[in-house]
Visitor: 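Have a look at the structure that comes next, please.
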Amino acid sequence: MKLYNTLTRKKEEFVPLCEGQVSMYVCGPTVYNYIHIGNARPMIVFDTVRRYLEYKGYQVNYVSNFTDVDDKIIKKAVEEGIPAEEVAKRYIAECKKDMADLNVKPATVHPLATQEIPGMLEMISDLIRKGYAYAAEDGTVYYRTRMFADYGKLSGKNIDDLQSGHRDIQVTGELKEDPLDFVLWKPKKEGEPYWESPWCQGRPGWHIECSVMAKKYLGDEIDIHAGGEDLIFPHHENEIAQSEAANGRPFAKYWLHNAFLNIDNKKMSKSLGNFFTVREIGEKYDLQVLRFFMLSAHYRSPLNFGAELMEAAGNGLERILTAAEHLKRLSASASGEMTEEEQQLFAQSGQYVQKFEESMDDDFNTADAVSAVFELVKFCNTTASGDSSRAYADALYGRLGTLCDVLGIIIEKEEEVLDEEIEKLIAERQEARKAKNFARADEIRDQLAAMGIMLKDTREGVTWKRA
Ligand code: AMP
Ligand code: ZN
């Protein structure tokens with residue numbers, strides 16, 4: 001499996017630090033509002049990366065934070081006249097709801113910056129001890145950027161170019177030794193949330209949060225660090241400077257960055273005001289369509305959001321769901337094991353799995369992986385019919401379901417089965433049993449099972465529950 005590493009600027013073979021295990025850190029959102037669909041792009045693509053790694057048999061430790069203390073959160077809290085903590089708590093809950101609707105798996109851990117302050121104080125103290133950081137007179141702690149010899153290695157920026165760029169915009173009154181130095185800890189302003197520290201009552205800078213959370217939950221050295229491409233500089237560059245100086249080890253082995261979701265070829269962003277929230281899109285479309293739309297492009301290619309492409313994604317998804325439903329119906333009405341011919345056909349369908357894997361192995365090329373799924377769909381539609389055995393329909397359904405699950409696409413249509421329908425089938429099964437027609441009784445049990453209804457025969461009669 002090859003992936004494109006921003007750090008080395010080439011596709012590399014993926015070799016995890018620990019065989020069979022992957023540690024992965026994905027920078028999460030700052031929670032001061034509903035997330036927009038641009039923010040959803042890294043969530044969806046890196047969830048798909050995780051799912052594929054799991055499909056390949058890796059045990060993935062997936063950590064994604066919430067930045068729950070920040071200028072924007074504080075501003076929103078002031079506007080609403082409520083504590084910053086309440087704003088963050090509300091939008092974390094809303095974000096988790098959107099993630100669930102997008103079928104993004106919950107992370108192994110979702111750390112919150114405000115819960116990790118002791119670790120941050122520790123790392124900042126460590127950096128000061130090692131000479132990589134210093135406290136200014138007002139209690140601000142800065143990172144001494146020039147001390148880190150490798151600074152710029154991720155973004156490819158040259159420190160002297162940065163220096164001359166910064167000279168013009170040097171802010172007077174700042175107590176930095178060097179304009180390139182960045183903040184690790186800053187003093188509170190009136191009314192802001194703060195924590196005690198050896199330097200001043202204050203709060204952490206954004207970059208230190210991720211270095212500390214990655215270290216605590218994944219260790220000094222991690223396999224994959226990911227986020228949107230706007231995070232390469234300065235956020236990820238600064239994370240590297242902090243973590244490598246503090247830990248004395250390389251930080252992340254592979255750096256993955258998704259390209260932007262655009263509108264009219266401009267980055268969708270809150271500050272430009274050209275965004276749609278996931279919530280808004282969810283009112284117009286099934287969010288499975290949004291997920292499918294995101295995966296129709298390679299994650300490193302810019303993607304322009306628009307009604308036409310969403311419609312195409314909706315149609316494509318429908319084709320897959322219809323094929324799955326068709327197989328399900330065939331399975332319910334058919335019976336028996338695969339014929340020899342079917343066994344051969346099923347083996348033949350393995351070529352689409354292979355194509356799917358080859359695409360995903362090539363830097364998670366979901367666009368090509370989706371094409372492989374379409375080819376499998378076509379194969380299912382042409383080879384499974386009313387004459388097929390149940391085993392054949394089931395096997396194809398399983399194969400289609402497995403590939404879709406890697407993409408996070410749910411093929412099981414959630415049709416609301418009414419209680420009355422269930423009760424009616426259960427009564428019919430009881431009748432069949434009374435008449436000693438056990439074959440029919442078993443058939444009904446299977447039919448109910450396919451609808452997700454589990455039966456339990458008790459002394460008091462039959463009870464049922466939804467699986
Ligand atoms: P933020 O809350 O702005 O820190 O963003 C959270 C995540 O969303 C980061 O990984 C960003 O890089 C990513 N992101 C923000 N806007 C976009 C966009 N328009 N397209 C793709 N990713 C984005
Ligand atoms: Zn981060």
Side-chain angles (χ1 to χ4, degrees), residues 6 24-47 49 62-73 75-76 87-88 91-92 94-95 98-99 102 104 107 110-113 116 120 123 154-155 182 184 204-218 222 224-243 251-252 255-278 281 290-291 293-295 297-306:
T6 310
M24 190 165 172
Y25 187 93
V26 182
C27 292
T30 306
V31 277
Y32 64 100
N33 210 328
Y34 289 100
I35 57 161
H36 62 67
I37 56 175
N39 301 134
R41 191 170 187 192
M43 289 176 184
I44 293 168
V45 301
F46 299 121
D47 175 64
V49 167
Y62 190 98
V63 176
S64 190
N65 68 298
F66 286 111
T67 295
D68 62 343
V69 56
D70 170 90
D71 288 344
K72 293 182 205 121
I73 300 174
K75 185 164 169 270
K76 178 96 175 182
V87 171
Y91 290 111
I92 288 170
E94 299 294 2
C95 179
D98 286 338
M99 284 165 75
L102 291 165
V104 169
H110 277 291
L112 307 183
E116 307 293 342
M120 297 183 207
M123 190 180 277
L154 181 71
S155 55
F182 61 88
L184 298 176
W206 172 36
H207 316 301
I208 197 73
E209 297 174 8
C210 288
S211 281
V212 167
M213 293 187 261
K215 179 182 169 83
K216 175 163 171 191
Y217 295 100
L218 298 170
I222 68 175
I224 300 176
H225 195 125
E229 67 182 10
D230 52 336
L231 301 187
I232 298 174
F233 187 85
H235 185 52
H236 288 164
E237 196 71 66
N238 291 354
E239 278 190 45
I240 293 177
Q242 297 163 158
S243 295
F251 181 30
W255 287 85
L256 266 50
H257 293 99
N258 64 277
F260 290 144
L261 180 74
N262 292 331
I263 276 200
D264 298 329
N265 299 309
K266 269 199 233 71
K267 180 195 174 191
M268 181 179 288
S269 76
K270 291 214 178 102
S271 52
L272 288 175
N274 60 349
F275 64 89
F276 293 110
T277 62
V278 169
I281 295 302
L290 181 67
R291 181 164 183 130
F293 159 78
M294 296 274 189
L295 298 177
H298 187 267
Y299 75 95
R300 283 190 295 115
S301 305
L303 178 58
N304 216 27
F305 181 78

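Every number for a ligand or one of its atoms is a count from 1 in the order of the listing.
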Visitor: Can you tell me the protein heavy atom closest to atom 9 (C) of ligand 1 and the distance?
Guide: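 For atom 9 (C) of ligand 1, the nearest protein heavy atom is L231 CD1, 3.8 Å.
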Visitor: What I want to check is whether the side chains of D47 and Y62 have a donor and an acceptor closer together than 3.5 Å.
Guide: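 The criterion, which ignores hydrogens and geometry beyond distance, is not satisfied for Y62 and D47.
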Visitor: Could you check whether any side-chain N or O of R41 sits under 3.5 Å from a backbone N or O of A259, counting only pairs where one atom can act as donor and the other as acceptor?
Guide: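 Flag set: sc R41 to bb A259 pair under 3.5 Å.
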Visitor: Below 3.5 Å, N or O to N or O, backbone or side chain included: is there any such pair between T30 and ligand 1?
Guide: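 There is such a contact, yes.
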Visitor: Can you report which non-hydrogen protein atom sits closest to atom 20 (N) of ligand 1, along with the distance?
Guide: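 Checked against all protein heavy atoms, atom 20 (N) of ligand 1 sits closest to L261 N, 2.7 Å.
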Visitor: Determine the minimum heavy-atom distance between P302 and N262, stating which atoms define it.
Guide: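 P302 and N262 have their closest heavy atoms at CB-ND2, 3.7 Å.
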Visitor: G228 to ligand 1: N or O pair under 3.5 Å?
Guide: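 G228 vs ligand 1: N/O contact under 3.5 Å present.
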Visitor: For ligand 1 and S269, I'd like to know whether there is a polar contact (N/O to N/O, distance under 3.5 Å).
Guide: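 So ligand 1 has no N or O lying under 3.5 Å from an N or O of S269.
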Visitor: Parallel, tilted or perpendicular: which fits the ring planes of W255 and F251, with parallel below 30° and perpendicular above 60°?
Guide: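 Taking F251 first and then W255, their aromatic rings stand perpendicular (interplane angle over 60°).
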Visitor: So which heavy atom on H236 is nearest to which on L154, and how close?
Guide: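 Between these two residues, the closest heavy atoms are CB-CD2, 3.4 Å.
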Visitor: Tell me which protein heavy atom sits closest to atom 6 (C) of ligand 1, plus the residue, atom name and distance to 0.1 Å.
Guide: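 Among all protein heavy atoms, the one nearest atom 6 (C) of ligand 1 is N39 ND2, 3.7 Å.
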Visitor: Indicate if the distance from the Zn ion (ligand 2) to the nearest N, O or S atom of H207 falls below 2.8 Å.
Guide: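 It does not: H207 brings no N, O or S atom closer than 2.8 Å to the Zn ion (ligand 2).
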Visitor: When you compare ligand 1 with E229, is there at least one nitrogen or oxygen pair between them that comes in under 3.5 angstrom?
Guide: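 In this structure, E229 places no N or O atom under 3.5 Å from an N or O of ligand 1.
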Visitor: Which value, rounded to 10°, describes the NE2(H235)-the Zn ion (ligand 2)-SG(C210) angle?
Guide: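 For NE2 of H235 and SG of C210, the angle centred on the Zn ion (ligand 2) reads 110°.
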Visitor: For K270, state whether at least one heavy atom is located under 4.0 Å from any atom of ligand 1.
Guide: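 No, K270 has no heavy atom closer than 4.0 Å to ligand 1.
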Visitor: So is P42 in contact with ligand 1, going by heavy-atom distances below 4.0 Å?
Guide: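 Yes, that is the case, since the closest heavy atom of the residue is under 4.0 Å from the ligand.
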Visitor: If every non-hydrogen atom of K270 is compared with every non-hydrogen atom of H36, which pair is closest and at what distance?
Guide: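 Heavy atoms of K270 and H36 come nearest at CG-CD2, 3.6 Å.
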Visitor: I need the atoms of ligand 1 closer than 4.0 Å to a non-hydrogen atom of H36, numbered in the order shown.
Guide: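 Answer for ligand 1: 16 (N).
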Visitor: Could an N or O of ligand 1 be found under 3.5 Å from any N or O of M268, whether backbone or side chain?
Guide: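 Indeed, backbone or side chain, M268 has an N or O that close.
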Visitor: May I ask you to decide if V26's main-chain N or O and S64's side chain share a donor-acceptor pair within less than 3.5 Å?
Guide: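 A pair under 3.5 Å: yes.
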Visitor: Please state which option from D230, V26, L303 has its nearest heavy atom closest to atom 12 (O) of ligand 1.
Guide: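 That would be D230.
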Visitor: Does D264 reach the main-chain N or O of K266 with its side chain, forming a donor-acceptor pair under 3.5 Å?
Guide: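 No; zero donor-acceptor contacts below 3.5 Å.
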Visitor: Roughly, to 10 degrees, what angle do E239 atom OE2 and C27 atom SG form around the Zn ion (ligand 2)?
Guide: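 Rounded to 10°, it measures 90°.
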Visitor: Taking P111's backbone N and O only, do any of them form a donor-acceptor pair with N65's side chain (distance below 3.5 Å, no angle check)?
Guide: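 No; zero donor-acceptor contacts below 3.5 Å.
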Visitor: Below 3.5 Å, N or O to N or O, backbone or side chain included: is there any such pair between P29 and ligand 1?
Guide: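 In fact, backbone or side chain, P29 has no N or O that close.
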Visitor: If the cut-off is 4.0 Å to any non-hydrogen atom of N258, which atoms of ligand 1 fall inside it?
Guide: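 Atoms satisfying the 4.0 Å criterion: 21 (C), 22 (N).
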Visitor: Verify ring-ring contact (aromatic ring centres under 6.0 Å, His included) between F66 and Y91, making sure each step is shown before the conclusion.
Guide: CA-CA 10 Å; F66 286 111; Y91 290 111; over 10 Å; no
Visitor: Around atom CZ of F276, are there more than 12 heavy atoms of other residues, nucleotides or ligands at under 6.0 Å?
Guide: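 No, the 6.0 Å shell around CZ holds no more than 12 heavy atoms from other groups.
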Visitor: Under 4.0 Å from ligand 1, counting heavy atoms only, is it the side chain of A259, its backbone, both or neither?
Guide: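 It is the backbone that gets close, since no side chain atom is under 4.0 Å.
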Visitor: Measure the distance from atom 23 (C) of ligand 1 to every protein heavy atom, then report the residue, atom name and distance (to 0.1 Å) of the closest one.
Guide: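 Its nearest protein heavy-atom neighbour is G38 O, 3.2 Å.
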Visitor: Return the orientation label for the H207 and H235 ring planes: parallel under 30°, perpendicular over 60°, tilted otherwise.
Guide: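 Aromatic pair H207/H235 classed tilted.
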